[in-house]
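Reminder, nothing fancy here: chain letters follow the sequence lines and each chain counts from 1.
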There are 2 protein chains.
Amino acid sequence: MTTIYDVARRSGVSPATVSRVLSGRRNVDPELSEKVRAAVAELGYRPNGVARNLRRASTNLWAVVISDIENPFFTSLVRGLEDVAQTEGYHVVLCNSDEDPAKEAAYASAVLTEQMAGVVISPTSTAEGVQQLDEAKTPMVLIDRRVEGIEADTVLVDNEHGAFEGVNHLIEGGYRRIACITGPRRVSTAMDRLAGYRSALRGAGIRFQKDLVRHADFREAGGFAAMESLLDQPERPEALFVTNNLMTVGALECLAKRGLRAPDDIAVVGFDDIPWADLVVPSLTTVAQPTYELGRTAGLLLKDRIASPGRPPSTVTLRTELHIRATSAPKKP
Amino acid sequence: MTTIYDVARRSGVSPATVSRVLSGRRNVDPELSEKVRAAVAELGYRPNGVARNLRRASTNLWAVVISDIENPFFTSLVRGLEDVAQTEGYHVVLCNSDEDPAKEAAYASAVLTEQMAGVVISPTSTAEGVQQLDEAKTPMVLIDRRVEGIEADTVLVDNEHGAFEGVNHLIEGGYRRIACITGPRRVSTAMDRLAGYRSALRGAGIRFQKDLVRHADFREAGGFAAMESLLDQPERPEALFVTNNLMTVGALECLAKRGLRAPDDIAVVGFDDIPWADLVVPSLTTVAQPTYELGRTAGLLLKDRIASPGRPPSTVTLRTELHIRATSAPKKP
DNA sequence: CCAGAGTCAGAAATCGATTTCCGAAGAATA
DNA sequence: TATTCTTCGGAAATCGATTTCTGACTCTGG
């Protein structure tokens, strides 16, 4: 490893001067400057980032803590974040929490010991890591979900409105007996989307029926089980609204297994888009979230937070978009 | 920030002793040890990872340089890698090269200045970054593609055999006029899969026809354009083999646009699986790669390489798996 | 012509942990 | 009992860059 001292020796100046030439933070005699550059080139010198980080007391790393990169919702979000990070000179460290508060906490811990510059996090149910990071005053942006009692920059989508639109679309298609599979009660998105479902029913004067609602775990298996449970009731629902992509897939698998087809046997609208959803037949109607934009917005907020730690936290709410495809075709008379 | 000196003062020992207690690298009097632990707990001390990294001359970061995390192929691969990284105490830095050699080089540069412990990389066509990293003797694992002249640990799939199986499956279904959309000539996977296509034809005594082959860019738009060009020929192919997932999607879009249906108008087999491929109708026949395993294997190789930098590089080749679904149904008489 | 302000290079301190080196004390061996 | 080995704690060096401080020098204005 060639160090800044080697460069200094070679070019006949002090290490301080080399540092100044390379950082450009202060004027340096052009002649010395030239010598330094020459020495850097000759020696193939590359500054040691770790040493710099120690002195500066921070790194150029952002952590993104999400439940699972294999969920397309997060994949595209991470891409949006990474694009901002790159233009701002940061690198993104990927952390899969798998909805496990302990893992979240472990990653939060790592963020602190590794002195990362900031965190973008989708909180797990108990948000242990979020608490830690908040106490340590780490620049942090919450995505997708709110956390009670934490004041931090947040990027959300308008879950209630999106769910309203999705369910209302089913109602307009002539469906009235509409089931809903949503997520855990402790997760804000699950409750917000359920609220949208209820308000759409209310708007159409349809009575809310508890036995048409299931709370599952936002995973494929959970969606499958919830669908089974709904179908095992005496009267089958005419339509179904599912509040995330994995559970939608699980529900569709259950329908396929039972030989039921969408939309003829049961109409379906899912929250979250699915990659290439319109390629396939019957294509799935979804309430699409602007996932790339979510990540990008989080990145921009994080950048601003790092630049001015003092300013009051802001919340950005992005709009969902209803993608009407085949599984929600109007009810046949 | 509380430092190791604060802990030392509080517990009445030297910083060296604190370090020894916490790292467990040397025996320390149980009584002192206890005092140190107490002080750590009281002060909420957390070691500074950056300082440690400087002293140790390496970090606990792995970079994964891939073309695009939004491609499901890489998504699942990254997940496999991250799982290994976590159990081995590393963190994964995500780098999207977008197939751009300049971006790859920039990330390679960052790997070196940030003293990352190792790299898992899917090389771009000119592999500029790979050269840099190789010269610097950074622990490195190549995935998905080989690079001429670089001796490094490599994880591949048996592309030729996979392609052979896929095309052979079409032949067995009675198709003979089979087109192929593959990737750039400089990319090893594109050529290997094309070779598999040719060898399947040869095995069945079908003459290879240059005008049934297209080289595109492994992206959606490229697949679309290639499909158009194939369909614009006087005689339409009976079946199609596409050598990656994005181009398959592009080709399917083109078919949809022209009102052609798989498999009735043209049978289709694609390389790379697509998420939830069997959920949708008509479901797509694919040559599936064990993407999670690819990432996992790369992680294990990287771990070993870091542990023993001297040992000769090894190449692991994983098997593909033919997933027969609807788009390759046998030809109707 | 001199005081005060401004510029710039270099010496040295600094970031915070790890690790080498040294010396003291106790254990083991002759 | 004398000598050698071990064990273990602390002082200090170390990793490599950044930054503060110091002092030499130049420039400006009275």
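Taking the side chain as every heavy atom from C-beta outward, A:Ile4 and A:Asp6 never approach each other to under 4.5 Å. Inter-residue side-chain proximity for A:Lys103 and A:Cys95 is flagged as unmet; no heavy-atom pair is nearer than 4.5 Å. In this structure, the side chains of B:Ile143 and B:Ile121 stay at 4.5 Å or more apart for every pair of heavy atoms. Looking at B:Ile66 and B:Val78, their side chains come closer than 4.5 Å, going by heavy atoms from C-beta outward. Looking at heavy atoms from C-beta onward, A:Val93 lies out of side-chain contact with A:Val64 at the 4.5 angstrom threshold. Side-chain contact between B:Val130 and B:Leu133 is absent, with no heavy atoms from C-beta onward closer than 4.5 Å. Looking at B:Pro184 and B:Val187, their side chains come closer than 4.5 Å, going by heavy atoms from C-beta outward.
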Could you list all N or O pairs between the protein and nucleotides 23-28 of chain D that sit under 3.5 Å apart?
none

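Counting all heavy atoms, side chain and backbone alike, B:Pro101 lies closest to B:Thr126 at CB-OG1, 3.1 Å.
No contact: A:Asn53 has no heavy atom under 4.0 Å from any strand.
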Practice item. Assign a letter to each nucleotide of nucleotides 11-18 of chain D from its 5' end: B, base within under 4.0 Å of a protein heavy atom; S, sugar-phosphate only; -, no contact. Key: B-BBBBBB

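Relative ring orientation between A:Tyr107 and B:His91 is described as tilted, the plane-to-plane angle lying within the 30° to 60° band.
Helical stems in DNA chain D, defined as runs of 3 or more consecutive Watson-Crick or G-U wobble pairs with both donor-acceptor distances under 3.5 Å, are listed by first residue as C:1-30 with D:1-30.
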Practice item. Would you check, one step at a time, whether the test salt bridge (charged side-chain N to carboxylate O under 4.0 Å, His left out) holds for B:Asp98 with A:Arg79? Key: CA-CA 11 Å; B:Asp98 293 320; A:Arg79 175 74 214 215; 2.8 Å; yes

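In this structure, the CZ atom of A:Arg9 is 13 Å from the P atom of C:dA11, given to the nearest Å.
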